[in-house]
Amino acid sequence: LEFRRVLFRSREEAGLLFTSGSSGEPKGVVLTHRNIIANCDQIASLAILPENCVILGCLPVFHSFGFTATLWYPLLRGCGLVTVLSPLDTRRVIDAIHEERATVLFGAPTFLRPLLKKATRRELRSLDLVITGAEKLPDDLYEAFLTQFHVELLQGYGLTETTPAASLNQPHPEVVFSTNEPQVGKRRGTVGRILPGMTARIMDPDTGATLPHQATGIVLFRGANVFGGYLDDTEKTASAFRDGWFVTGDLGRFDEEGFLLIEGRLSRFSKIGGEMVPHGTVEQTILKVYGLEHLETPAVFVAGVPDAAKGEALVLLSTHEIAAEELRHRLADAGLPNLWVPKIIRRVGEIPLLGTGKLDLKRCRELVRELAG
């Protein structure tokens, strides 16, 4: 215990991870002993991953989700761990859960969706908890998982710079005494409450002013799990902090009970005619109106390009044939404003992905410039 206390105080490097590079060049994130122990203790304090749980570890440890949740947490907590080489090997993941009676599964939605086609309820019946992160949880995946396996997907949020867990939905705490009031631990559509020991601010993306927590703006964090800086890059480190607060680059807000809603990366918004248009919302609506939600790989990507009249215009990359006029009618019927309808549509063979299953935003934007230029 004393050794653990010494390590917690240590600001020495314990791990070096690189950001996914989804929106640019990867940055080296230096994580200290304090960062890692703090994040594991924050997760442990929620009491949802006890010592007797059995975690299925299939996420790559070069990614912060796998690094903390399926490597350091079970080592420090002393719970069981069953490993599979890759989350893409769906059959092995299923067999490992079934044969080793794993109770906890971590995974990005991209890795969880194939389970719907290849797993039976009996094979996954040992699972008590499935936590998803790294990308937004689609509604159809949540519904299908709950219907097919009777397991609710709980969405969390984090970044490599927060080691990574920053917020998490959890099962409703049990009412232990008759005098206790029921507590809410999860709320659909949110990424849960921030972890103990963290504080948050909402910042106006234009002025830098602090906004009320229920207003939408850039999310800023402080906490022992927040990193201290990027490897050999003082310029990027300086731009990542504002008055000691880590600037996530994500737009979000808190509801009246402290649940965090992430609207998307600031870089994934376009300002069209003075209005902020979220690319992710447009993508999800297109998938829904064309019945493409259930595909295992991305079918659409939306980005903005300069436009003389409106400031920016939306470009749609699609792996399926989509006609401009039909798209306009379908999106209008779905309630999207005319400003949110992509002006340019280009057919592509595939939407570029990173090895982690996330969109390769850098390559996607290069494609947009090549095809819409």
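Computed from a predicted structure; not experimentally measured.
Although no hydrogens or angles enter the test, the distance criterion places a donor-acceptor pair under 3.5 Å between the side chain of Ser239 and the main chain of Lys236. A donor-acceptor pair is defined here as one N or O able to donate and one able to accept, closer than 3.5 Å; such a pair exists between the side chain of Ser167 and the backbone of Val191. Of the possible polar contacts, none joining the Glu263 side chain to the Leu251 backbone as a donor-acceptor pair under 3.5 Å is found. With Asn39 contributing its side chain and Ala165 its backbone, the two residues share a donor-acceptor pair below 3.5 Å.
Residues Glu135 and Ala108 come closest through the heavy atom pair OE2-CB, 3.7 Å. Of all the heavy atoms in Ile286 and Val300, the pair that sits closest is CG2-CG1, 4.0 Å. Shown here for Ala134 and His63, the closest heavy-atom pair between the two residues is CB-CE1, 4.3 Å. The shortest heavy-atom contact between Thr319 and Glu350 is CG2-CA, 3.8 Å.
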Q. Stepwise, does the side-chain contact (heavy atoms from CB on, under 4.5 Å) test hold for Leu159 with Thr248?
A. CA-CA 8 Å; Leu159 305 99; Thr248 67; 4.0 Å; yes

- [ ] Give the intermediate values and the outcome of ring pair (Phe, Tyr, Trp, His ring centres under 6.0 Å) for residues Phe111 and Phe65.
- [x] CA-CA 13 Å; Phe111 301 143; Phe65 198 0; 9.6 Å; no

Run Gln42 and Asn225 through side-chain contact (heavy atoms from CB on, under 4.5 Å) and show every step you take. CA-CA 9 Å; Gln42 288 169 319; Asn225 59 312; 3.3 Å; yes

**Prompt:** Does the side-chain contact (heavy atoms from CB on, under 4.5 Å) test come out yes or no for Leu168 and Ile131, once each step is laid out?
**Reply:** CA-CA 9 Å; Leu168 183 64; Ile131 296 175; 3.6 Å; yes

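Cluster annotation: Leu317 is connected to Leu353 through the hydrophobic network of ILVMFWY side chains, with a link wherever side-chain heavy atoms come within less than 4.5 Å. Hydrophobic clustering, with ILVMFWY side chains joined whenever heavy atoms are under 4.5 angstrom apart, keeps Phe269 apart from Leu331. Side-chain heavy atoms closer than 4.5 Å link hydrophobic residues (I, L, V, M, F, W, Y) into clusters, and following such links, possibly through other members, connects Leu287 to Leu336.
In this structure, a donor-acceptor pair under 3.5 Å is present between the side chains of Arg328 and Asn338. Looking at His279 and Ser270, their side chains do bring a donor and an acceptor atom within 3.5 Å of each other. Donor-acceptor pairing under 3.5 Å is recorded for the side chains of Tyr230 and Glu161. Counting only N and O atoms by type, the side chains of Tyr157 and Asp250 include a donor and acceptor under 3.5 Å apart. Checked by atom type, the side-chain pair Thr32/Asn35 shows a donor-acceptor distance below 3.5 Å. Residues His213 and Arg253 bring no donor and acceptor atom of their side chains to less than 3.5 Å of each other.
For CH2 of Trp72, the number of neighbouring non-hydrogen atoms (other residues, nucleotides, ligands) closer than 6.0 Å is 12 at most. Heavy atoms of other residues, nucleotides or ligands lying less than 6.0 angstrom from CZ of Arg91 number more than 12. The neighbour count for Arg188 CZ, taken as heavy atoms of other residues, nucleotides or ligands under 6.0 Å away, is above 12. Within a 6.0 Å sphere centred on CG of Asp232, heavy atoms belonging to other residues, nucleotides or ligands number 12 at most. Leu16 CG: more than 12 foreign heavy atoms inside a 6.0 Å radius. Atom CD of Glu12 is surrounded by 12 or fewer heavy atoms from other residues, nucleotides or ligands within 6.0 Å.
Alongside Phe149, the hydrophobic cluster contains Val54, Leu56, Val82, Val84, Val93, Ile94, Ile97, Leu105, Leu112, Leu115, Leu116, Leu124, Leu127, Val130, Leu137, Leu141, Tyr142, Phe145, Leu146, Val151, Leu153 (criterion: ILVMFWY side chains under 4.5 Å). Through direct or indirect side-chain contacts shorter than 4.5 Å among Ile, Leu, Val, Met, Phe, Trp and Tyr, Phe259 is connected to Val184.
A distance of 6.0 Å or more separates the ring centres of Phe62 and Phe67.
The NE2 atom of His172 sits 9.0 Å away from the CZ atom of Arg187 when rounded to the nearest 0.5 Å. One finds the CD atom of Gln155 at 9.0 Å from the CD1 atom of Ile262 (value rounded to the nearest 0.5 Å).
For the pair Arg222 and Phe246, the cation-pi test (distance below 6.0 Å, angle within 45°) is failed.
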